[in-house]
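A short worksheet on the structure shown next.
FYI, the numbering just counts along the sequence from 1. Atoms within a ligand are numbered from 1 in the order they appear, just like the ligands themselves.
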Amino acid sequence: MANALNNDGDPGRLVLGVESSCDETAAAVVEDGRRALSSVVASQVRDHAPFGGVVPELASRRHLEAVAPVIRAALAGAGVTLGQISGLAVTQGPGLIGSLLVGLSAAKALAWARDLPIVGVSHLEGHIAALRLMDDPPAPPFAALLVSGGHTSIYHVHDFGQMEELGQTVDDAAGEAYDKVAKLYGLGYPGGVIIDRLAAGGDPSAIQLPRPRLRDGTLDFSFSGLKSAVVRFRQEHIGQNYRIEDLCAGFQEAVVEVLTSKTIAAAKQRGLTRLALAGGVAANQRLRQAMAQAAAAAGMELTAPPVALCTDNAAMIAAAGAIRLRAGLRLALEADAVSRLPRGGRLPGEA
Ligand code: KG4
Ligand code: ZN
């Protein structure tokens with residue numbers, strides 16, 4: 001009876017979100033798509049650090065161990081039982097297939113056992129929905145820069161749940177470039193936050209690196225050339241003295257300048273006056289500072305979410321899921337996970 005009530009009532013009222021696309025097992029309970037009652041993230045950073053990057057099979061195994069306890073902790077943290085949940089939201093892709101399958105299977109099992117409505121969520125849509133969990137979310141329409149380890153895109157967000165991609169990277173993601181440069185210099189994993197810290201003590205103009213596609217007139221990015229420029233710089237300066245802090249600052253400045261300038265250009269093209277940052281790289285201190293300055297100079301308003309909402313979490317998946325649940329979308333229990341988002345962004349097995 002209780003479940004019939006859940007299905008007939010508002011399925012977005014109390015959503016349990018599950019995320020396992022990469023190296024974080026996460027679960028969260030979100031009320032009304034806007035208020036995170038709990039958000040539990042079990043990071044695998046320590047498991048992958050010795051390898052300098054995510055080892056997919058290891059990630060799947062860790063997810064398998066963590067998924068049930070993490071879901072249990074999210075329910076306990078929110079002070080609710082599974083019987084009170086109105087709907088489920090789970091990351092269906094993009095991401096590592098073996099990792100995605102763990103969260104997807106767990107969420108499907110709960111939906112089936114409890115007869116709960118379930119939706120699959122795009123991880124990217126989740127990163128944008130994270131903004132909705134802020135006390136003072138940006139009002140759509142706005143331009144959003146989504147920068148993570150796997151993606152670098154600019155969106156015109158017409159409304160939450162309705163985003164149009166204006167440009168994206170043609171090769172590496174910004175976070176991937178950070179991680180590869182950190183690996184090259186043996187700085188540790190994950191590289192983004194380490195380079196961010198080192199760069200703060202460096203001179204960004206001491207080592208000049210290229211700004212790929214800065215003035216190509218498109219809203220697309222390319223970061224593999226910048227990474228190659230760092231590889232060349234390192235080879236050409238073997239045995240020579242330079243500060244790693246300066247190299248980090250020079251690299252970061254190149255990344256940040258391209259990201260900032262293209263985001264402002266996108267907003268101008270679309271006549272948008274509000275900007276937002278999302279994704280793991282949005283935690284970067286220099287990016288936040290440079291975007292704030294550029295936005296102010298252009299007379300635009302910038303929203304930069306707190307770091308916990310930038311990096312991977314399941315509250316963002318539940319927030320995006322609430323919108324989809326309320327729109328009446330449902331995930332078939334036969335639905336597959338997707339490593340890459342199909343063109344048009346439609347997820348498989350959705351009705
Ligand atoms: O969104 P996220 O947690 O996972 C993906 O969807 O990829 O982003 C992870 C990425 C990694 O590449 C990491 O190095 C980067 O975000 N990152 C940072 C910072 N914190 C995390 N990059 C630059 N500066 C940071 N402070
Ligand atoms: Zn992410």
Under 4.0 Å between a Lys/Arg side-chain N and an Asp/Glu carboxylate O for D196 and R286?
-> no
Return a yes/no value for Y178: is any of its N or O atoms, backbone included, closer than 3.5 angstrom to an N or O of ligand 1?
-> no
Quick one: which ligand 1 atoms are inside 4.0 Å of a heavy atom on T311?
-> 3 (O)
If we only count N/O pairs under 3.5 Å, is E24 in contact with ligand 1?
-> no
Just the protein N/O/S atoms under 2.8 Å from the Zn ion (ligand 2), please, no waters.
-> H123 NE2, H127 NE2, D312 OD1
Under 4.0 Å from any heavy atom of G192, which atoms of ligand 1 are there?
-> 14 (O), 18 (C), 19 (C), 22 (N), 23 (C), 24 (N), 25 (C)
In ligand 1, the atoms that come under 4.0 Å of a heavy atom of G280 are 1 (O), 2 (P), 8 (O), 16 (O), 17 (N), 18 (C), 19 (C), 20 (N), 21 (C)
Which ligand 1 atoms are under 4.0 Å away from a heavy-atom of G150?
-> 7 (O)
Residue from E24, H63, R61 passing side-chain contact (heavy atoms from CB on, under 4.5 Å) with Q44 = H63
Under 4.0 Å between a Lys/Arg side-chain N and an Asp/Glu carboxylate O for R211 and E253?
-> no
Atoms of ligand 1, numbered as shown, that sit under 4.0 Å from any heavy atom of H127 = 1 (O), 6 (O)
Ligand 1 N/O within reach of P190 N/O, cut-off under 3.5 Å | no
Minimum-distance protein heavy atom relative to atom 4 (O) of ligand 1 | D312 OD2, 3.0 Å
Please could you name the atoms of ligand 1 that H123 approaches to less than 4.0 Å, counting only its heavy atoms?
-> 6 (O)
Residues clustering with V157 (ILVMFWY side chains joined when closer than 4.5 Å, directly or via others) | V30, L124, I128, L131, L133, M134, F142, L146, Y155, F160, M163, L309, I323, V338, L341, L347
Atom 12 (O) of ligand 1: the protein heavy-atom neighbour that sits closest, reported with distance to 0.1 Å | D179 OD2, 2.7 Å
Salt-bridge present (D32, R132; N to O < 4.0 Å) | no
Check each atom of ligand 1 against the heavy atoms of G175 and keep those under 4.0 Å away; list them by number with element.
-> 12 (O)
Is the shortest side-chain N to carboxylate O distance from R274 to E301 below 4.0 Å?
-> no
Any ion pair linking R243 and D246 (charged N to carboxylate O, less than 4.0 Å)?
-> yes
